[in-house]
2 protein chains.
Amino acid sequence: MAKRSSLREIAEELGLSVPTVSRALGGYSDIALATRERVADAARRLGYEPNSAGRMLASGKSGYVGLVLPVGERQFVDAYLGAIVAGLSEGLAERDLQLMIAAVAPGHTPLDTIRKLVNARRVDGLVLTRIASEDPRIAFLLDRDLPFVTLGRQRDGMPDHPWLDVDDGAAFDHAIETLAGLGHRHVGLISITDDLTFARRREAATEAAASRLGLRLSRCAAARDDRRARHDGIASILAGKDRPTAILGLVDGIALDVLMIAARIGLSVPAELSVIGFDDISGSAYSAPPLTTFDPDNRQVGRLAAGMMHDLLTARDGAPTQMMCQAQFVSRATHGPAPLLE
Amino acid sequence: MAKRSSLREIAEELGLSVPTVSRALGGYSDIALATRERVADAARRLGYEPNSAGRMLASGKSGYVGLVLPVGERQFVDAYLGAIVAGLSEGLAERDLQLMIAAVAPGHTPLDTIRKLVNARRVDGLVLTRIASEDPRIAFLLDRDLPFVTLGRQRDGMPDHPWLDVDDGAAFDHAIETLAGLGHRHVGLISITDDLTFARRREAATEAAASRLGLRLSRCAAARDDRRARHDGIASILAGKDRPTAILGLVDGIALDVLMIAARIGLSVPAELSVIGFDDISGSAYSAPPLTTFDPDNRQVGRLAAGMMHDLLTARDGAPTQMMCQAQFVSRATHGPAPLLE
DNA sequence: CCTAGTTTCTAAAGCGCTTTAGATCCTGTT
DNA sequence: AACAGGATCTAAAGCGCTTTAGAAACTAGG
């Protein structure tokens, strides 16, 4: 039932021409109001929905916004992707845009994937995540003049473009301030070596805050998916009597690892060691003790990105829009006053 | 640079007609091999990628598989969506299919959303999650003869269709067996009241296993997002000296709640109470103690669904394909021998 | 050397929509 | 009463691709 239903069908049914029906549904004023209503009725009655391919071809717009999926990485997938996808798709749906997810096919580079999407005119715009300090995808899209929004930024000094970022600088600064206020004089930061701008920003903010407040800062970093190296790094930072009394994890996954290792070597949290993370992933509320962290509200970030995308696609003018969101401090049970070390 | 690049451009460049180029790229044998190669070269050189709208319109296929996003529910989003989206998009990308995510726009029902997608010919097939015991979406798609795969099933006795499900019956049976083997004689199951088939199946499996093994079973259930009611239910099951010595959480989120409440009322896990969950969400490894649970490998489920979808879309014949996956038992630290209760 | 059969390509049409350029019919002017 | 101007609709074209029918050129069979 309810077979195809095209403009032609409506036109024939009503004794009108196809363009008239098209314009009537489009609400153009050169079609008599009465006709417009007649057409709208018929469309409703027949369950008409414009064929997307026909519309795309004629209008040159696909109605799709693409999200390029970073490869692999279980970590990323769990903590981040679901929320972003949910927020984006909700935000886009409200604006009559569609979300497509483009995974990088085996044997292809992310850039290949993007190039294909753009050349096939499959998307009107793109959303990029996991931005590197000098991201080739951004250079490509800028060159091609394809609207895009990045979730995260390149390093400072790179060409301007629309982005949406969580102010992790402010968050890590706040974390250090909080710890300093609790009497900590030596803090640690466990980071990653991957070329992701957010890592560099968080490191820089931590460093700046620490030096401003006169705190000593110990750091270590390992490749994101090299759990082993990370654990070794954490363990060695925590060993020795000259250890930091508080540790910042670049992300919750790392902070939770710190918690685990602290427990293993008999360091009690927060009495002997404070730990603060970032992301508020689902596990963080249930760790022992529950992790103090920051909630970036990624779902909301997705929604906002949808709004920016829509603006780019419609009002195509003016300077690139850029937006900074604040992550909320989630104060749980892993931070407290600095212990008295001899 | 690399402006449009269409079949026409290639055709003119090579002095051929458009259909010839089309068929050459399609690898048809009625085009001379030499010509095919010449065309392929030119296409590569010009960075040609077929315009998706043109192709869709002519072929009648969109190349898209839609995933209809359940509304709201932070829980769902965190635990499940990311992995499924990742798996699906990877699996589809390998097969030259695209994934689109359709959120239900405000003021619309899920069925509206699906109907729109189908009528607009936006998708060649759909993937459905969170299946109800008698799901109207399934009835609709069956009626419309649109290929689809469900992740989860309806209750037994409903019309046949392609599905992919995790064998939670086997998992819960295994959990009960394990507990019985550890000497537990009274177990609890914390469930949800929502009309989701997996909940009913898990309950039934638990009940069957318990009665088969002669265990007493206490149950409680609350609406999935009514955290308060769930907590009250858990607390009251755990109160009283006649309490169960082991609790199964329908999902990890619930099991983690049980852990929390047990800690609050001074019940030590696993010495005094065993707890087992299902899902292996990211938090489960970090809880105190780390949660024993089942890992359904949702990413793999997504990949398999992509494969099924592809089969449906190409070989469109035979009986509906149905596939059952086994969840893997993740033995961590929340289960142990039954305590000796007086 | 002519007809039949291949091989290789082109012409024409159509997918369903939008857009541009008219055409047609009124209304009111002068 | 003839015409400008507005209101309302239609005809034609085209978006980029695929498919079907058929043309042209060649090969082979008798």
Side-chain angles (χ1 to χ4, degrees), chain A residues 2-40 42-43 46-64 96 116-124, chain B residues 2-40 42-43 46-64 96 116-124:
Chain A
K3 288 282 81 120
R4 343 215 78 218
S5 152
S6 58
L7 283 188
R8 183 145 58 93
E9 194 190 337
I10 299 181
E12 280 168 5
E13 171 113 1
L14 261 35
L16 293 168
S17 73
V18 167
T20 302
V21 175
S22 172
R23 313 209 91 224
L25 287 174
Y28 287 74
S29 64
D30 67 347
I31 305 294
L33 186 58
T35 309
R36 270 183 271 165
E37 283 168 351
R38 236 161 37 101
V39 170
L46 297 171
Y48 172 75
E49 193 68 39
N51 178 301
S52 64
R55 192 196 275 265
M56 283 182 209
L57 188 53
S59 70
K61 320 247 101 227
S62 72
Y64 277 97
D96 256 298
K116 241 178 118 160
L117 290 180
V118 174
N119 286 348
R121 302 256 118 84
R122 215 175 250 294
V123 296
D124 297 336
Chain B
K3 287 278 83 115
R4 344 215 79 217
S5 151
S6 58
L7 282 188
R8 183 145 59 92
E9 194 190 335
I10 299 182
E12 281 168 4
E13 171 113 359
L14 261 36
L16 293 168
S17 73
V18 168
T20 301
V21 175
S22 172
R23 314 208 90 226
L25 288 174
Y28 286 73
S29 64
D30 68 345
I31 305 294
L33 185 58
T35 310
R36 271 183 271 165
E37 284 169 351
R38 234 159 40 100
V39 170
L46 297 170
Y48 171 76
E49 192 68 37
N51 178 301
S52 64
R55 190 195 277 264
M56 284 182 209
L57 190 53
S59 70
K61 318 249 101 229
S62 73
Y64 276 97
D96 254 301
K116 244 177 115 158
L117 290 179
V118 175
N119 286 347
R121 302 255 120 82
R122 215 174 250 295
V123 295
D124 298 336

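Hydrogens, waters and symmetry mates play no part in the numbers below; they use all other heavy atoms, side chains included. Letters A, B, ... mirror the listed sequences (proteins, then strands); counts begin at 1.
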Within the side chain of Asp124(B), is there an N or O that forms a donor-acceptor pair under 3.5 Å with the backbone of Ser62(B)? yes
Any side-chain heavy atom of Arg36(B) within less than 4.5 Å of one from Leu33(B)? yes
Walk me through it: do Tyr64(A) and Arg122(B) pass the test side chain to side chain contact (heavy atoms under 4.5 Å, CB included)? CA-CA 11 Å; Tyr64(A) 277 97; Arg122(B) 215 174 250 295; 3.5 Å; yes
Nucleic acid contacts - residues 12-23 of chain B versus DNA chain C, non-hydrogen atoms under 4.0 Å: Gly15(B), Leu16(B), Ser17(B), Pro19(B), Thr20(B)
DNA chain D: Leu57(B) or Tyr28(B), which has the more 5' nearest nucleotide? Leu57(B)
Side chains of Lys61(A) and Met56(A): does their closest heavy-atom pair fall under 4.5 Å? no
Closest heavy-atom pair and its distance - Leu25(A), Ala43(A): CD2-CB, 4.0 Å
Short question: side chain of Glu9(A), backbone of Ser5(A) - any donor-acceptor pair under 3.5 Å? yes
Tell me, please, the opening and closing nucleotides of DNA chain C, 5' to 3', among those with an atom under 4.0 angstrom from a non-hydrogen atom of chain B. dT8(C) to dG16(C)
Shortest non-hydrogen contact from Arg8(A) toward Val18(A): CA-CG2, 3.8 Å
For Ala42(A) and Ile10(A) the tightest heavy-atom approach is CB-CG2, 4.1 Å
Within the side chain of Thr20(A), is there an N or O that forms a donor-acceptor pair under 3.5 Å with the backbone of Leu16(A)? no
What contact category does Asp30(B) fall into here, base, sugar-phosphate, or nothing, at under 4.0 angstrom with non-hydrogen atoms? base
Interface with DNA chain D, restricted to residues 31-38 of chain A and to heavy atoms under 4.0 Å: Ile31(A), Ala32(A), Thr35(A)
Would a distance-only check, ignoring hydrogens and angles, find a side-chain to backbone donor-acceptor pair under 3.5 Å from Thr35(B) to Ile31(B)? no
